[in-house]
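Each remark here refers to the structure printed beneath this line.
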Amino acid sequence: MRVSLHAALALGRAAEFGDDALISHIESVLLVYLGEVDDLELIQGIATAMLHIWGRKDANGGLDYFRHEDYRYRLIAAKSLALSAGSPMEPEVQAALLELETDADPHVRRWATIGLDVQ
């Protein structure tokens, strides 16, 4: 399976208007594909798409992935939590971002710091 940056973003946007079954299918496709890519721009695009999906399902969907062994999943968690965090920030979101701030991957750390700095 091959998904381009534009396709990933379009899938995320389409999920905003789909029913629950479509949203779940798009989420599954993007999460499977995420494990197969190494391009940082595409990973960031998938993270943005997931933000749209989790915005419909669960604004804190990134909490399911912030301890994932694969940095790509931690990156989408950090970005989605950083961009969707409310004010005041929910304690579990803040705890996840604090943990991600010490991640081995610099991109994960950057998004965690962005999320914490917003507060």
Could you give the distance from CE (M50) to CG (D64), rounded to the nearest 0.5 Å?
9.5 Å
Separation between OG1 of T113 and CG of L100, rounded to the nearest 0.5 Å
9.5 Å
Distance col, row E27:CD vs D20:CG, nearest 0.5 angstrom, shows 11.0 Å
Just so I know, are the side chains of Y33 and L42 near enough to count as touching, which here means a heavy-atom distance under 4.5 Å?
yes
Shortest non-hydrogen pair, A8 vs A49, comes out as O-CB, 3.1 Å
By the salt bridge (Lys or Arg N to Asp or Glu O under 4.0 Å) test, which pairs, at least two apart or in different chains, include something from residues 5-15?
R13-E16
Of all pairs that satisfy salt bridge (Lys or Arg N to Asp or Glu O under 4.0 Å), the ones with a partner from residues 89-100, not counting sequence neighbours
R67-E99
Interatomic distance, F17 atom CZ to I23 atom CD1 [nearest 0.5 angstrom]
11.0 Å
Does any non-hydrogen side-chain atom of D38 lie less than 4.5 Å from one of R72?
yes
For R74, side chain to side chain donor-acceptor pair (under 3.5 Å) partners two or more places apart:
D103
Inter-residue atom distance L11.CG - H6.NE2, 0.5 Å rounding
13.0 Å
How far does CD1 of I46 sit from CG of L34, to the nearest 0.5 angstrom?
5.0 Å
Considering all heavy atoms, the nearest G62-S80 contact:
CA-OG, 3.7 Å
Answer whether the closest heavy-atom distance between the side chains of L31 and I76 falls below 4.5 Å.
yes
Are any of the side-chain heavy atoms of L51 and K79 separated by less than 4.5 Å?
no
Regarding W111 and E101, do their side chains bring together a donor and an acceptor under 3.5 Å, going by distance alone?
no
Note, M89 side chain near L97 side chain (heavy atom, < 4.5 Å)
yes
Shortest non-hydrogen contact from A96 to L63?
CB-CD2, 3.6 Å
